[in-house]
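Heads up, the thing below is written out as structure tokens.
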Amino acid sequence: VRMILYNPVAYTFAVLIMSPTLTAGARPTNMLKCILLTALVVAPSTGATSFCALPETIETWSHASSCNGPPQFESSFCADHVSISNGSLVCTVDANNCKQDNPKCAADKYGGVQIHGPVVGFGNISVVMRVAKGPGIITTLAAYTGPSISIGCDGKDPTTLNVGVGNAHGSISLGFDASADEHQYDVLWTNTTVDFYVDGTMQLAWTNASDVPQSPMDLFFFAYACGASWCGKFDCDKDCPAHAIIERITYTAAGALAVPCTNPPMPPSFCDKAYIASHWTPQTTCLNNGTLALHSTLVQPGTSGVQLQAATVSSAQRVTTSGDPCDHATQWGAQTQCPSIIQYGSLSVVIQTAAGTGSLNTTIQLGDSSALDAYISVSFHSKTKTVHFQVGAAVETIDLSFDPSQAAHNYTLLWQPDSVQLLVDSKTPEGKPSIVTDSVPQTPLPLAISVVPQLPSSGVNNGSATLVQATYVASDDAWGLRCDAAPSYSLAWDEEFTGHALDTHWTVYDNCTHGQEAQLYVPAGVSVADGTLRLRAFPFAHNETGRNGNAYQYGSGWVDTASNRSNQALNDCKSVNPKGFSMLHGRWEISAKLPPGHFWAAIWLMPDYDICWPTGGEIDILESDIWGQQPPYKPHAAYHWSPSACFHDSSGGAAYQPPSSNYNYSTGFHTYTVEVHPRWLIFGVDGVNYYNITQAATGNNLPKHPMYLILGNQLWQGWSYPLELPADFEIDWVKAYTMK
């Protein structure tokens, strides 16, 4: 192996000595695949990283939501057509063309799937899949940038595997129906050849070197209805819905070791007691066509736990209550949402269910009953000694030997991929405590506890439940838990800006900008003196031309600590700094003074990872609150995310309310903070926390990769306040603490 790694000539010799039955010029068989992979290192480096993606990981890749056009594509690409069922990734082609999400897609007859994966290069690309069945339904895995390397089937003949190399095409007779079961398909890509394997046996060697792509390409998976002349004729009435199934997709870069296949880690375990009052989120919303209102004011701390109240109210009470979400609801209830999401493992809730006048329901629920394939619940009625246990559409009613409204009891859900079991006070109750069904949810779900009047109701319903404790132990977690355990921190980086230059963690933007901003970032806008970093916005003596070819009147300063410049949202300068600094979970503290006037100062975090915006998250520790406001600006915090789609932004945020209306954050230094926790983000100013967002609120889309720091003094598009120049955004110090 060492000879192959360092001597390209050694490849043929190594093959011959490993297999005396081969003659010079013969192609190696599958038993020598490992040697061929090692020999690939003689090809140019691709920069692509090996991976093994199981369904839970593939589901986090970007799913297109876009229109296409006939004749080739008769399907829109619909992000919601990708799901996990029974441990497999299911890609659906059906008659739902997603026009409800994008009216422009009305011309597309059907809905399909496009999944955009990582970059791949020379090496082994492998997929275990079952293709979709039906004429005109195309299932394809492709590395693509224009030229491509691809494998796939038209459902009209699933016994034939169609392959492509560059702009040339071929086919392989499989000898089996690829739509009947999962099979493994491998593509071995070198700089001169592409070999195609099926279930470990080489079926086709592509030796025309002029066809073989030479640059890394993005990996895609498609399932769609085709209307081109070379496709079979698609009949949705007969074949919808059609499903392509993926078990795993792997890539092993040339010369690299294979990466073990592992699922993403389970959600973090927790034990909440006092945290139920301080970290859970009481809900205010309107339900049941306006007949039921959930009010956050009906969730209150009590002596033995958090009280969740239900009430029947009069018209006068509705008028005097601020924030009433419903115009006519006389029935009010309470719900509080856990900051975490839950998946396989053990969930225990200690609760005394509601009692009082009328009919009240107390419910522990995972997910939403409007989507039964992602729903688990345990529900109690105030007039019975029973529990209703539901998993998907399957429901069991279990008799209890006690009244659950008279004392707190422990109700535990043991959630596995193929079943959910209910325990009461750590024991198996009589009846049917386990539900085994095909509809056991396979994805993480939010947890909520609620008390509501049973509807319809014209009577008086008043009462309350007491939520004492909630504990979740993930299936892959063997650690014991302490309730309300606060994290501890260790100082990882302390930047005091001593001397006259930045340390090696920093990169200074040079002759580039970000997006459509009005300034050009240049080193002249960055200075260090007297223990302070200054990012200065200033006018150029004459227009300067940026790397993008645009002319700019103004310059400013931007610095960051990124080490990976492949992030698709911020690659304007394309500089590389392997000594950059990033961390995932921890606490950032930055002491800064805002520039006076109309300036968009920002302190923010982005993933130091090859991922498109905002799928990896964007944490805005501080932005000047410029939206519809005038200076002096308030500090503003925000978080941006997307479950999988590039440039499809979801966000939450808030402006800090200062001690007085004329408070000015440009006259002195203030400390801006964020705590990046696996379960939440908490933003603060001068030690006062004022905004938080949870793992549940983002749909399990808090950051999962280390984040790097950005400091910038920005001028927004159309900025027109030249008389306020020059202006400095000043930073006194930066501290980063890793979380234990």
Side-chain angles (χ1 to χ4, degrees), residues 55-56 59 83-87 90 263 266-272 276 280-281 283 287 294 308 333 335-351 353 361-381 386-398 400 404 409-429 431-452 465 467 469-477 679 694-697 699-700:
E56 289 81 359
E59 194 186 31
S83 62
I84 294 179
S85 178
N86 296 322
V90 180
N263 279 314
M266 289 291 104
S269 302
F270 63 84
C271 179
D272 289 348
I276 295 174
W280 289 42
T281 307
Q283 302 296 296
L287 300 175
L294 297 180
L308 287 81
Q335 184 181 88
T336 188
Q337 185 180 70
C338 177
S340 297
I341 48 96
I342 310 295
Q343 201 177 4
Y344 308 135
S346 168
L347 170 66
S348 296
V349 176
V350 179
I351 190 169
T353 66
N361 288 333
T362 304
T363 303
I364 304 165
Q365 69 181 62
L366 293 167
D368 190 324
S369 59
S370 63
L372 289 181
D373 61 340
Y375 185 66
I376 302 171
S377 70
V378 178
S379 184
F380 308 84
H381 189 271
T386 59
V387 56
H388 296 276
F389 175 33
Q390 181 170 354
V391 178
V395 182
E396 297 288 350
T397 299
I398 301 171
L400 300 174
H409 293 269
N410 187 345
Y411 305 93
T412 300
L413 291 169
L414 302 179
W415 179 8
Q416 299 177 0
D418 59 354
S419 67
V420 183
Q421 182 180 3
L422 174 65
L423 304 180
V424 178
D425 292 330
S426 303
K427 299 178 181 179
T428 302
K432 297 181 179 179
S434 294
I435 294 181
V436 180
T437 172
D438 289 341
S439 59
V440 171
Q442 304 292 305
T443 56
L445 298 176
L447 167 65
I449 316 290
S450 61
V451 173
V452 298
L467 176 57
Q469 182 174 312
T471 305
Y472 168 65
V473 180
S475 61
D476 60 356
D477 195 343
R679 304 176 66 196
T694 66
Q695 182 188 40
N700 193 27

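Predicted model only: the values in this text are computed from it and were never measured.
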Revision key, fill the gap. The reported gap from CG in L423 to CG in L414 (rounded to nearest 0.5 angstrom) is 4.5 Å

Check your understanding: After noting the C-alpha distance and the side-chain angles of I341 and L447, does the key distance pass the side-chain contact (heavy atoms from CB on, under 4.5 Å) rule?
Key -> CA-CA 6 Å; I341 48 96; L447 167 65; over 6 Å; no

**Study point:** Any donor-acceptor pair under 3.5 Å from E396 side chain to A394 backbone
**Key:** no

Practice item. Compare every heavy atom of S83 with every heavy atom of E59, then report the nearest pair and how far apart it is. Key: OE2-CA, 4.2 Å

Check your understanding: What's the verdict on side-chain contact (heavy atoms from CB on, under 4.5 Å) for R679 and C338, showing C-alpha distance, side-chain angles and the deciding distance?
Key -> CA-CA 9 Å; R679 304 176 66 196; C338 177; 3.8 Å; yes

**Study point:** From CD1 (I342) to CG (L347), nearest 0.5 Å
**Key:** 5.5 Å

Check your understanding: Looking at side-chain heavy atoms only, is the closest gap between D418 and V440 below 4.5 Å?
Key -> no

Study note, to complete from the structure: By side-chain hydrogen bond (donor to acceptor under 3.5 Å, both in side chains), T694 pairs with (sequence neighbours left out) none

Which pairs would a plain distance check flag for residues 363-373, meaning a side-chain donor or acceptor within less than 3.5 Å of a matching protein atom at least two apart in sequence or in another chain?
{"from": "T363", "atom 1": "OG1", "to": "S379", "atom 2": "OG", "distance (Å)": "3.2"}
{"from": "Q365", "atom 1": "NE2", "to": "G367", "atom 2": "O", "distance (Å)": "3.2"}
{"from": "D368", "atom 1": "OD1", "to": "S370", "atom 2": "N", "distance (Å)": "2.9"}
{"from": "D368", "atom 1": "OD1", "to": "S370", "atom 2": "OG", "distance (Å)": "3.1"}

Point to revise | All side chain to side chain contact (heavy atoms under 4.5 Å, CB included) counterparts of P441, not counting sequence neighbours | key: I376, V391, W415, L445

Revision key, fill the gap. Applying side-chain hydrogen bond (donor to acceptor under 3.5 Å, both in side chains) to N361 and not counting sequence neighbours gives none

Check your understanding: Residues two or more places apart in sequence or in another chain: which of them pass side chain to side chain contact (heavy atoms under 4.5 Å, CB included) with L400?
Key -> F380, V387, F402, P404, V424

Practice item. With rounding to the nearest 0.5 Å, note down the distance linking CD in Q416 to OG in S475. Key: 9.0 Å

Study note, to complete from the structure: Correct closest heavy-atom pair for P444 and N700 would be CG-ND2, 3.8 Å

Review point. Considering all heavy atoms of both residues, which atom of P267 and which atom of Q343 are nearest to each other, and what is their separation?
Key: CD-CB, 3.8 Å

Review point. Short question: side chain of Q442, backbone of P417 - any donor-acceptor pair under 3.5 Å?
Key: yes

Point to revise | Closest heavy-atom pair and its distance - V420, F389 | key: O-CZ, 3.5 Å

Point to revise | Whether E56 side chain and T443 backbone form a donor-acceptor pair below 3.5 Å | key: no

Practice item. Work out which heavy atom in M266 is nearest to a heavy atom in A474; give both atom names and the distance. Key: CB-CB, 3.4 Å

Check your understanding: What distance do L294 atom CG and Q283 atom CD have between them, rounded to the nearest 0.5 Å?
Key -> 7.5 Å

Point to revise | Taking every non-hydrogen atom, the tightest pair across Q695 and S340 | key: OE1-CA, 3.2 Å

Exercise for review: Please tell me if the side chains of Y472 and L413 come closer than 4.5 Å, counting only heavy atoms from C-beta onward.
Suggested key: no

**Study point:** Non-hydrogen side-chain atoms of Y411 and S348 separated by less than 4.5 Å
**Key:** no

Check your understanding: Mind checking what makes side-chain hydrogen bond (donor to acceptor under 3.5 Å, both in side chains) contact with Q469, not counting sequence neighbours?
Key -> T471

